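None of the values given here were measured: they were computed from a predicted structure. Sequence lines set the chain letters: A, B, ... in the order given, protein chains first and strands last, and positions in each chain run from 1.
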2 protein chains.
Amino acid sequence: MREGILRLGNEQLAEVGAPALSVREIARGLGVASSAIYRHVANRDELLTLLIVDAYGDLAKSALDEVDQGAPAGQQLAAIATGMRRWATANPARWALAYGSPVPGYSAPADQTNGPGTLVMTTFLRALSLGKFVRPASVPKASPSLRSELLAGAAEIGIDADPELGVTALGAWTGLIGLISAEVFQQLGAELASHGEELLERWIAETVARFDLS
Amino acid sequence: MREGILRLGNEQLAEVGAPALSVREIARGLGVASSAIYRHVANRDELLTLLIVDAYGDLAKSALDEVDQGAPAGQQLAAIATGMRRWATANPARWALAYGSPVPGYSAPADQTNGPGTLVMTTFLRALSLGKFVRPASVPKASPSLRSELLAGAAEIGIDADPELGVTALGAWTGLIGLISAEVFQQLGAELASHGEELLERWIAETVARFDLS
DNA sequence: TCATTTAGTGAGCACTGATCACAAAAGGAA
DNA sequence: TTCCTTTTGTGATCAGTGCTCACTAAATGA
């Protein structure tokens, strides 16, 4: 039953998107009264939360399983980025759920989404932390407050990295999400929609160069 | 009436978000029958389209009016980026509407959104085109197909830039959107939410350095 | 065997977007 | 002014939604 709800939920997500996802339609698909759904899921928001967690987990599985922990950091980075893109283009609605605009008034409970949600990010940051970042003289150092925040965060995920690299690595992470979202959401117009793969390859190459990976 | 619909629509957007925006609630706010709204707007989707166009226009006005066309490109870039961030944090729901996940099944008609929607981007790209980008040897050249696409796009907005710079500039644009979205949507956790300004300043400084602006 | 918990039912409530016949305004031409 | 036409607003109505609740059937376990 639970699996059926998730399965049909994901199907509807792909077909009509999160805003139009209907609890009743899921019940119809399962051949069951709509009220039966509420025995397993408190309400529509909780169902969406389950789908978000499921999406994070699936993305992590799909993007991380082919990352060779022993490979050079640059190859790890490339594997993560291409894995994320592949999953995102194959599952645009789920990508939107995970990395698109959240629904105001309801915030996905952090305790449920933090684990799988940050797994990909930590792997990404870990790979970048193996490189080195030379801060141009014109770029000011990070503030003490930000430095300590980054040190704490790095310790939490067990990496030992220069906060200066950390700031830039975080920017690379949000930049990657922005790039993939631009392709998935078609924000760059139809002309560039067909060049998503090359744009990502370019981004990977530039990032490898910037962080002196290989 | 039209203005009233847009005004209350934007209010609701801020209060409950796009998915929960209600035509009937707008009608109540205007003291009018709900069916009266449909004399001015074909349906809910068209109303959302109007709000998107309105958001793009407002963002462009807010982000671009303080850009000094005669100033050094680096200052222009900084003005655009900080202007975008200021508007986005002040209008998170409208930012989500413009740059967040689109609603599947209904694509905002391109003819209505293209103008204001690309205005900020073209100004951004124009500023970056004033710099120079040195492609690291490890980064392969853009494919002929992508090059021609970029040349056509650049000609369309009246800038004469090296396609190699163009690819990287596009990546910077999507990266900026990703960075601002990460702050607005709180994707980096509560700890970093309070450092949005510094993260953007850092991004600006690094981008200025990468494109050799000043 | 039998009490108790769990899972499913179907009627019902309050809400939504949208349509439609109708009526009241608002204009414009004679 | 009068009269016709177009525009704007009305209220009833329809199908659909999320969700609740009293009720029943099934499973569980002492």
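Contact between the side-chain N/O atoms of Ser22(B) and the OP1/OP2 oxygens of dG17(C) is found at a separation under 4.0 Å. For His40(A) and dT6(C), the shortest distance from a side-chain N or O to OP1 or OP2 is not below 4.0 Å.
With sequence neighbours excluded, no residue satisfies salt bridge (Lys or Arg N to Asp or Glu O under 4.0 Å) with Glu149(B).
Residues Asp58(A) and Asn91(A) bring no donor and acceptor atom of their side chains to less than 3.5 Å of each other.
Interatomic distance, Thr174(A) OG1 to Met121(A) CE, rounded to the nearest 0.5 Å: 10.5 Å.
The residues Arg86(A) and Glu197(A) are annotated as not salt-bridged, no charged nitrogen and carboxylate oxygen being separated by less than 4.0 angstrom.
With dT10(D), dA18(C), dG18(D) as the choices, the nucleotide that has an atom nearest any side-chain atom of Arg44(B) turns out to be dA18(C). Candidate nucleotides dC19(D), dG10(C), dG17(C) were compared by shortest atom distance to the side chain of Asn43(A), and dC19(D) ranks first.
Here dG16(D) presents its C1' atom at 15 Å from CG of Leu21(A), a figure rounded to the nearest Å. In this structure, Glu25(A) places its CD atom 14 Å from C1' of dG18(D), rounding to the nearest Å. Rounded to a whole Å, the CE atom of Met1(B) is 13 Å from the C1' atom of dT7(D). The separation between Ile37(A) atom CD1 and dT9(C) atom C1' is 13 Å, rounded to whole Å. Following rounding to the nearest Å, Tyr38(A) (OH) and dT17(D) (P) show an atom-to-atom distance of 11 Å. Rounded to an integer number of Å, the gap from Arg28(B) CZ to dG9(D) C1' is 17 Å. The CZ-P distance, from Arg2(B) to dT7(D), rounds to 15 Å in whole Å. One interatomic measurement links the two molecules: CD1 of Ile5(A) to P of dG8(C), which rounds to 9 Å at whole-angstrom precision.
Closest-nucleotide positions on DNA chain C for Val32(A) and Ser35(B) were compared, and the one nearer the 5' end corresponds to Val32(A).
Side-chain contact check for Thr168(A) versus Arg210(A): some heavy-atom pair is nearer than 4.5 Å.
Around the CG atom of Asp65(A), the shell of radius 6.0 Å holds more than 12 heavy atoms that belong to other residues, nucleotides or ligands.
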Within the sub-3.5 Å range, which N or O atoms of nucleotides 21-23 of chain C have a protein N or O partner, and how far apart are they?
none

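Under a 3.5 Å cut-off, the side chain of Arg202(B) and the backbone N or O of Glu164(A) do form a donor-acceptor pair.
When heavy atoms are screened at a 4.0 angstrom cut-off, Arg24(B) is found touching base atoms of the nucleic acid.
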